[in-house]
K.L.:
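A single structure is presented below for examination.
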Number of protein chains: 2
Amino acid sequence: MKAIENRTARCKQNDLALQDTIYAIGSKWKMRIFRSMCFGNIRFAEIEKSLTGITKRTLSKELKELEVNQLITRKAYPDQPSKAEYKLTSYARTLIPMINEMVRWGTEHRQMIIKGQKTA
Amino acid sequence: MKAIENRTARCKQNDLALQDTIYAIGSKWKMRIFRSMCFGNIRFAEIEKSLTGITKRTLSKELKELEVNQLITRKAYPDQPSKAEYKLTSYARTLIPMINEMVRWGTEHRQMIIKGQKTA
DNA sequence: CAGATCGGTATACCGGAGTATACCTGATAA
DNA sequence: TTATCAGGTATACTCCGGTATACCGATCTG
C-alpha cells in the first residue's frame, strides 16, 4: 500500500528531524545555557551563576559548541579583568518557541507531581 | 532592587522547569520513542523498527521508565506469540506541542545546513 | 603585600547511559 | 524436527559527557 509507505517514510523523516534537534542542543546543559541567555545573560560569569552546578570547564566547552553551530556569537574585549560577551544569533531565536514549550511543560509537570502527592 | 531579585528568581524557576522536562524525557531515545508512538506505533516491534539503531534492551528500559513516569501505559496479552500494546496517556499528550516544535526546528535546521553548504 | 575579579585552560578521572550478544517462553508453521 | 515469531531478560562491556581541582594573566582594591 502506497499510503503505508508514505506514512512510514514520514515517520522516519520526523525522527530524523528530532535527532537533528537533539544533536544540536540536546545535552545536559545546552538548552539551559540557551535559556539563560534568552533571559538576558550575556557574560560568562552571569551565565555561570544562573546555572547552579555547572563548572567553568563545562560552560566554556558548551559555549564553544554553541558558537560552532552558529547559535551564539562571542565577542571578547581585551580589557583588564578580561571581558567577553555572548549573544544569541537571530537564527538561534528560532529555537525560542521550543524552549518556551519545554519550560511550560516542566512547570505544569512539577505542579502535577506536587498535586499527585496529595491524592496518590 | 526588588525588580532584579524577581528577575533572577524567575530565571532560576524557568531553569528548574527546563531541568524537570529534560529529566523526564531528555535522553538519547525517550523523545524519539515518544514521537514514534504519537505517530501511531503501539507494538514493541513497531517502535523498534521505526528507530534505527535502538536495541531491544534499551527500548525495553526506556519504555519502563516512561511507564513509571506515567507517560505511557503497557497492556500485555497472554497470547501465543507474546503481545503487548503501549499507549500514550492523556497526560503524555500535553508533550505533543513541544515535540512538534522540536521536529519543526530540526526540519528547518537541516534545510539551513544544506543551503549553507552552497553559499558558505 | 595579599586577595579578589574575569574568563578561561590543563590534567586527570569517573559513573552510568547505551551497546553487543546470547538466551528465554510458548505456540505455530514448514 | 527445526525454525520462526513477539517481547522481552541476563551479562558483560565501552565510551565519553561531565566533574574536580588547580592554575594562568592582567588589574584594581584594601
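In what follows, every chain begins at residue 1, and chains take the letters A, B, ... in the order their sequences are listed.
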K.L.:
With sequence neighbours excluded, what pairs up with A:S82 under the side-chain contact (heavy atoms from CB on, under 4.5 Å) test?
P.N.:
none

K.L.:
A:E108: which residues meet the side-chain contact (heavy atoms from CB on, under 4.5 Å) condition with it, sequence neighbours left out?
P.N.:
A:R104

K.L.:
Short of 4.0 Å, heavy atom to strand atom, which residues of residues 16-42 of chain A count as contacting DNA chain C?
P.N.:
none

K.L.:
For D:dG18, does OP1 or OP2 lie under 4.0 Å from any side-chain N or O of A:T58?
P.N.:
no

K.L.:
Salt bridge (charged side-chain N to carboxylate O under 4.0 Å, His left out): which pairs involve residues 31-42 of chain B, sequence neighbours left out?
P.N.:
A:D15-B:R32, A:D15-B:R35

K.L.:
How does protein contact run along nucleotides 6-16 of chain D, one letter per nucleotide 5' to 3', with B for base contact, S for sugar-phosphate only, - for none, heavy atoms under 4.0 Å?
P.N.:
BBBSBBB----

K.L.:
Tell me which donor-acceptor pairs under 3.5 Å the side chains of residues 53-61 of chain A have, and how far apart each pair is, sequence neighbours excluded?
P.N.:
{"from": "A:T55", "atom 1": "OG1", "to": "A:T58", "atom 2": "N", "distance (Å)": "3.2"}
{"from": "A:T55", "atom 1": "OG1", "to": "A:T58", "atom 2": "OG1", "distance (Å)": "3.0"}

K.L.:
Without decimals, in angstroms, what is the distance between A:L51 CG and D:dT19 C1'?
P.N.:
16 Å

K.L.:
Can you measure A:L59 atom CG to C:dG7 atom P for me and round it to whole angstrom units?
P.N.:
10 Å

K.L.:
Any Lys/Arg nitrogen of B:K30 or B:E65 sitting under 4.0 Å from an Asp/Glu carboxylate oxygen of the other?
P.N.:
yes

K.L.:
Can you list everything that forms a side-chain contact (heavy atoms from CB on, under 4.5 Å) with A:Q70? Sequence neighbours excluded, please.
P.N.:
none

K.L.:
Which residues pass the salt bridge (Lys or Arg N to Asp or Glu O under 4.0 Å) test with A:D20, not counting sequence neighbours?
P.N.:
B:R110

K.L.:
With sequence neighbours left out, write down each residue that passes side-chain contact (heavy atoms from CB on, under 4.5 Å) with A:N69, or none if nothing qualifies.
P.N.:
A:L71

